[in-house]
Amino acid sequence: MSQDYRLSRRAVIAGMSAGAAFSALPVGSAWAATPTVGFIYVGPKDDYGYNQAHAAGAAAVKAMGVKVVEEERVPETIDVEKTMESMINLDGASLLFPTSFGYFDPHILKEAKKYPNVTFMHCGGLWHEGLPANVHSYFGYIDEAEFLSGIVAAHVTKTKKFGFVAAKPIPQVLRNINAFTLGARSIDPTITVQVIFTGDWSMPVKEAEATNSLADQGVDVVTCHVDSPKVVIETAEKRGLFTTGYHASQAALAPNGYLTGAEWNWEALYPSLITDFEAGKTIPGLIRGGLKAGIVKTSPYTALVPDAAKAKADAVKAQFMGDGFVIFAGPIKDNKGATVIDAGTMRGQTDIELEKMSYLVEGVIGSTS
Amino acid sequence: MDAEPPRRAALARFIDPLAAPLAAGAATVALFGLFVALAGRNPLEVYRLMAEGAFGSWFSWQNTLLRASPLLLTALCTALPAQMGLVIIGGEGAFVIGGLAAIAAGLRMADIGTPALVVQCAMALAGMAAGGALIALAGAMRHWRGVNETISSLLLSSIAIAVMNQVVEGPMRDPASLNKPSTRPLPDADLIGNIPGMDVHWGLALGLIACLLAWLLMRRTTFGFAARIVGGNSRAARMAGLPVGLMMVIVTGLGGAAAGLGGMIEVAAVQGDANANIAAGYGLSGILVAFLARQHPLAIIPVAVLLGGIGASGGLLQRRLDLPDAAVLVLQGILFVALLAGEALPPLSEWKAKVSR
């Protein structure tokens, strides 16, 4: 009996020291030219949405022959701190992409101080002066693609009523709703957009209810800003509505209703960041851009999109790709009648005022509170 | 049974409560092994990785302990009322409302320039009071209004989370938190730090102390004895003159206070402010821990560490074996079902007695 115990204890100790040696090894390789890259997602990486868009970027990095480690459904708590540390300590990762907006403060900031040799790339554009040098942030002006979606949808609607299922009335979401509405109303000013806030980023039941309710109200185009548009798009498809997508392409989910969509283009950005990183180039603290920079893109038009819509949207897109097109060009009124952008004021994409957006533009039915 | 020699009876008393969880554990290992084998992975490799990720190094141990610490407190929210025969599942709400009350108190105290320790004590008291009040309400409604405490605690929990969201996005919102509505952050000086020599915050120590105190209260005091009499038969307890209603309020209140303290620690040691992230499911995992520990306050400790370890190793399974995150949920689910099935079996000693007869 006692021998058995000793044996098993020895085995355990051997196992533990082997584990320790194993975990110590990759740390040394953190200085090698080719990094191990860690990607962390807040939801499932096949969600047809926010996380899938990032996972597509990770897959593009993997295709370069770079070692990639991924972890999905990591909450914005101590869990993400430990996942980052685990990737650094056990997998030898030296470049991390914790992709959820809420990972930044305090979690990434804590880890960046703790691991000054590891580079942290955060999605959300929260960088500012004075942060540790190993923290970077990137984000895209996806409202440009939303504006184009609005233009396309305006060409197919019969009822002139659109629906928008959104998570929370925060600036980033309001900016998308407003851009989509302004795009649609640039074609037909009688169009209205009914917005429904579900209260959180992943509320499948509420999202389905909201979509059905929009269909019952006579809406014939639906889009959304939630983490996974899957439920909204599928429900709208069942109700025979047109849809425009968000985050990633949902064309496969709605062959009879999907028109186009606003997508992230992480599969272009991430490989270029890795190339810069490997070449030892300085990566800026804040990386922002829209269609022109290739950080966002539109879903390819489906067969449902009429030629007139394509021509109009492509013309505006060419302006985005060229000298720039200003979406938020005054005069713009909110949906309570107050002027929010004066006549003559052009709020271009880099305008800091847009980051604080707290209103819904004229034509949106709904309230921010 | 009465003919049994006292030594065997003592042995049975020790083995009986362990037999079901151990059998459930063994069944879980076998079933989950089968599951991962069906998913095309080597079960031995899976278990080796889990051991490495959970307990394989000092880093892994700290990871495990850190994840276990909120569960110690939220499990008490279910385990303490269970001594009185109540099934409370509102720990998530008590955790969240505790965190919210704590940040409100902490910010108020920090604004007037109180020393850090005083701020932290005020936060702990506020968190415990809020969490305690929420769950005590379920206990009170059960006693005086006959409302099922399981349902009411669950509903109260939803209300608490909704209140937190409303407050964080409204009255207490920091205008600077544009895209992630949060309260103002606590000053760095008032945050709870790590236990010296460890990368684990003081919440672990508080959780262990709370479990120990809960055990002392329930197993070593007259009050605890009386509470367990109520759990055995509340009518008989009332006949014996015990203040059943008051005791229910106190015990449910203590359970809620434990979870509320957990929320305070989440705010003061992890997040630094309050936002929707404090409703991360620690209260729900606490129910699982309490049931796996068979509602025993001390058994909560190893079970919480086990679940913390499963959580800590889950990432490694994803990264090394490309298993989906749901694999860990499957494991927890199998464990829970196996344990509930084990509960339904008769105690081992009776079973043996039947066989030998």
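Here is the naming used below: chain letters follow the sequence lines, and residue numbers restart at 1 for every chain. From a predicted model like this one, the values you see are computed outputs, not experimental measurements.
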note = Taking a cut-off of under 4.5 angstrom between non-hydrogen atoms, the residues of residues 177-193 of chain B near chain A are B/L178, B/N179, B/K180, B/P181

query = If we ignore angles and hydrogens, is there a donor and acceptor under 3.5 Å between the side chains of B/N194 and B/H201?
reply = no

Spacing of OG1 belonging to A/T77 relative to CG belonging to B/N277, to within rounding of 0.5 Å = 7.5 Å

task = May I ask you to check whether A/Y270 and A/F39 place their ring centres under 6.0 Å from each other?
result = yes

request  = Indicate whether any N or O donor in one side chain lies under 3.5 Å from an N or O acceptor in the other, for B/Y282 and B/E92.
outcome  = no

task = Verify the ring-centre separation between A/F104 and A/W127: is it less than 6.0 angstrom?
result = no

Part of B/E266 lying under 4.5 Å from any heavy atom of chain A = side chain

query = Between B/N165, B/V270, B/L317, which has the largest tally of heavy atom pairs under 4.5 Å with chain A?
reply = B/V270

message = At a 4.5 Å cut-off on heavy atoms, which part of B/P324 comes close to chain A: side chain, backbone, both, or neither?
response = both

Most contacts with chain B, counted as non-hydrogen pairs under 4.5 angstrom, among A/P171, A/P75, A/P106 = A/P171

task = Please examine the side chains of A/Y246 and A/Y50, heavy atoms only from C-beta on, and report whether any two atoms are closer than 4.5 Å.
result = no

inquiry  = Is there a side-chain contact between A/V173 and A/P169 in this structure, where contact means two heavy atoms from C-beta onward sitting under 4.5 Å apart?
reply    = no

task = Against chain B, work out which of A/K168, A/M87, A/K45 has the most heavy-atom pairs shorter than 4.5 Å and name it.
result = A/M87

query = Is there a side-chain contact between B/L49 and B/L321 (heavy atoms, below 4.5 Å)?
reply = yes

